[in-house]
> 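This is the structure I have questions about; it appears just below.
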Amino acid sequence: MFFSRMEDFLEKNIEGFFNRKFSSNLQLAEIEKILDRLLIRHKQRINRAIFVPDTFTITMSQKDFAELNTPQNIIELKLFLYKSVIIKDYFMKKKPTINILKSLDLKLGVCDIKASFSPDTQIQSSVSADTEGTQGTIVVPASSKELFIGSPKINQEMKFASLTITQGPDKDSYMEIGDKQIHIGRRDKNEFIITDINVSRLHAYITFENGRHILHDANSLNGTTVNDTKISSFCLCPGDKIQMGNTIIIYDIL
């Protein structure tokens, strides 16, 4: 606890001092560094799963606000959060909300970031026992923190993970995925089509739940394995090896 407080003090005073001294603008990389630290600091372990905040309010100087409060920058920060959650093997109940506010009190290059869970959040875990993760009903206590006015709505679909076939008839086939459901198999209307004759027409599908990609076998004839273990559903992590018939697919983040 002492070291955590000391880290906060040094970050706010020493880093802030140099930012003010050289009048440097606030950079996205600096914000990402703080967001990453906040995920670790505010994580909550619930039934063996680790959940992290999904609402972030970033307050900065008027000049930094004018430069950074753009739809593209908000997309970049959300993509960073998606990837960080997956890499750390965390869960996030809702899609991240990022609010950027301006303040007359903050100097150029300095920001204040608050993280919180969405209020009245009840987490229903859909991760099966195959993952050795969470299952059943999980409840995150409601946050008493104030909710702020949201930043501009962004309809652009964000891609932050990938599927790459490394073995089989469709070797080198590649697809980037985000928060949309993906169907995998031989039928033409699947988003990820595999021509392997040992793969079912609808062999499996991937959903996006609690900030993670969940692979589900669709009652396929020959089954689905992840890292050589047969699964019915599985929470994917970077580097996982998915096998369907004679086809091997690697899941990773972008």
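For reference, positions follow the sequence shown, starting with 1.
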> To the nearest 0.5 Å, tell me how far Thr195 OG1 sits from Asp170 CG.
3.5 Å
> Say whether Asp228 and Thr225, considering side chains only, have a donor N or O and an acceptor N or O under 3.5 Å apart.
no
> Would you say Phe51 and Met92 make side-chain contact, with heavy atoms under 4.5 Å?
no
> Honestly curious: do Ile248 and Ile182 fall in one hydrophobic cluster under the side-chain, below-4.5 Å linking rule?
no
> Less than 4.5 Å apart, any side-chain heavy atom of Thr97 and any of Phe56?
no
> I'd like to know if the side chain of Arg186 reaches the main chain of Leu202, judged simply by a donor and an acceptor atom lying under 3.5 Å from each other, with no hydrogens or angles considered.
no
> Between Phe208 and Phe160, is the gap from one ring center to the other below 6.0 Å?
yes
> For the residue pair Leu81 and Ile98, establish whether any side-chain heavy-atom pair is separated by less than 4.5 Å.
yes
> Output yes when a side-chain donor or acceptor of Asp240 lies under 3.5 Å from a complementary backbone atom of Cys237, and no otherwise.
yes
> Rounded to the nearest 0.5 Å, what's the gap from CG on Leu215 to OG1 on Thr224? Could you check?
6.0 Å
> Locate the shortest heavy-atom distance separating Ile34 from Cys111; write the atom from each residue and the value.
CD1-SG, 3.9 Å
> Can you name the nearest heavy-atom pair linking Ser116 to Pro53, along with the distance?
O-CB, 3.4 Å
> Is there side-chain contact between Thr247 and Ile165, with heavy atoms separated by less than 4.5 Å?
yes
> Tell me whether Leu39 shares a hydrophobic cluster with Leu35, the cluster being built from Ile, Leu, Val, Met, Phe, Trp, Tyr side chains joined at under 4.5 Å.
yes
> Kindly give the heavy-atom pair with the smallest separation between Ala204 and Met244, and that separation in Å.
CB-CE, 3.6 Å
> Does the side chain of His216 come under 3.5 Å of the side chain of Thr207 through a donor N or O and an acceptor N or O?
yes
> Distance alone, cut at 3.5 Å: any donor-acceptor contact between the side chains of Asp217 and Ser232?
no
> To the nearest 0.5 angstrom, please state how far the NE2 atom of His42 sits from the CZ atom of Arg37.
11.0 Å
> Determine whether a donor-acceptor pair (N or O, by modelled atom type, separation under 3.5 Å) exists between the side chain of Glu76 and the backbone of Lys78.
no
> Would you say Gln243's side chain and Lys241's backbone share a donor-acceptor pair under 3.5 angstrom?
no
> Taking the side chain as C-beta and beyond, is there a heavy-atom pair between Ile194 and Ile249 under 4.5 Å?
yes
> Judged by atom type as modelled, is there a donor-acceptor pair below 3.5 Å linking the side chain of His213 to the main-chain atoms of Tyr251?
no
> With a 4.5 Å cut-off on side-chain heavy-atom distances among I, L, V, M, F, W and Y, is there a chain of contacts connecting Ile193 to Ile206?
no
> Holding to side chain to side chain contact (heavy atoms under 4.5 Å, CB included), I want the full list of residues that pass it with Ser103, two or more places apart in sequence or in another chain.
Thr59, Asp105, Leu106
> Taking all non-hydrogen atoms of both residues, which atom of Met60 and which atom of Ile31 are closest, and how far apart?
CE-CD1, 4.2 Å
> Indicate yes or no: does Asp36 engage Lys88 in a salt bridge with an N to O separation below 4.0 Å.
yes
> Can you tell me how far OH of Tyr90 sits from CG of Asn210, rounded to the nearest 0.5 angstrom?
15.5 Å
> What distance separates Gln72 CD from Ile74 CD1, expressed to the nearest 0.5 Å?
10.0 Å
> Given side chain to side chain contact (heavy atoms under 4.5 Å, CB included), test Gln44 with Ile50 step by step and report yes or no.
CA-CA 5 Å; Gln44 295 188 18; Ile50 297 176; over 6 Å; no
> Taking Leu254 as the starting point, is it possible to reach Ile250 by hopping between hydrophobic residues whose side chains are less than 4.5 Å apart?
no
> Would Leu77 and Ile58 count as a side chain to side chain contact (heavy atoms under 4.5 Å, CB included) if you check the C-alpha gap in whole Å, the side-chain angles of each, and the deciding distance to 0.1 Å?
CA-CA 11 Å; Leu77 291 175; Ile58 308 170; 4.0 Å; yes
> Measuring only between side-chain heavy atoms, which start at C-beta, is Phe117 closer than 4.5 Å to Lys93?
no
> Using the rule that two of Ile, Leu, Val, Met, Phe, Trp, Tyr join whenever any of their side-chain heavy atoms come within less than 4.5 Å, decide whether Tyr82 and Ile75 are in one cluster.
yes
> Between Lys102 and Asp64, is there a side-chain N and carboxylate O pair less than 4.0 Å apart?
no
> Please examine the side chains of Val199 and Ser220, heavy atoms only from C-beta on, and report whether any two atoms are closer than 4.5 Å.
no
> For Asp179, is there an ion pair with Lys95 - N to carboxylate O distance below 4.0 angstrom?
yes
> Can you check whether Ile113 reaches Thr57 side chain to side chain, under 4.5 Å on heavy atoms?
no
> Do side-chain atoms of Asn190 reach the backbone of Gly185 as a donor and acceptor pair under 3.5 angstrom?
yes
> Strictly under 6.0 Å, is that where the ring centroids of His183 and Phe192 end up?
no
> Look only at the side chain of Asp196 and the backbone of Asn198, and say whether a donor-acceptor pair between them is shorter than 3.5 Å.
yes
> Would Asn246 and Gln167 count as having a side-chain donor-acceptor pair, cut-off 3.5 Å?
no
> Evaluate the side chain to side chain contact (heavy atoms under 4.5 Å, CB included) criterion for residues Asn73 and Ile100: first the C-alpha distance (whole Å), next the side-chain angles of each, then the deciding distance (0.1 Å), finally the verdict.
CA-CA 10 Å; Asn73 283 335; Ile100 300 181; 5.8 Å; no
> I need the Lys107 NZ to Leu26 CG distance, nearest 0.5 Å.
15.5 Å
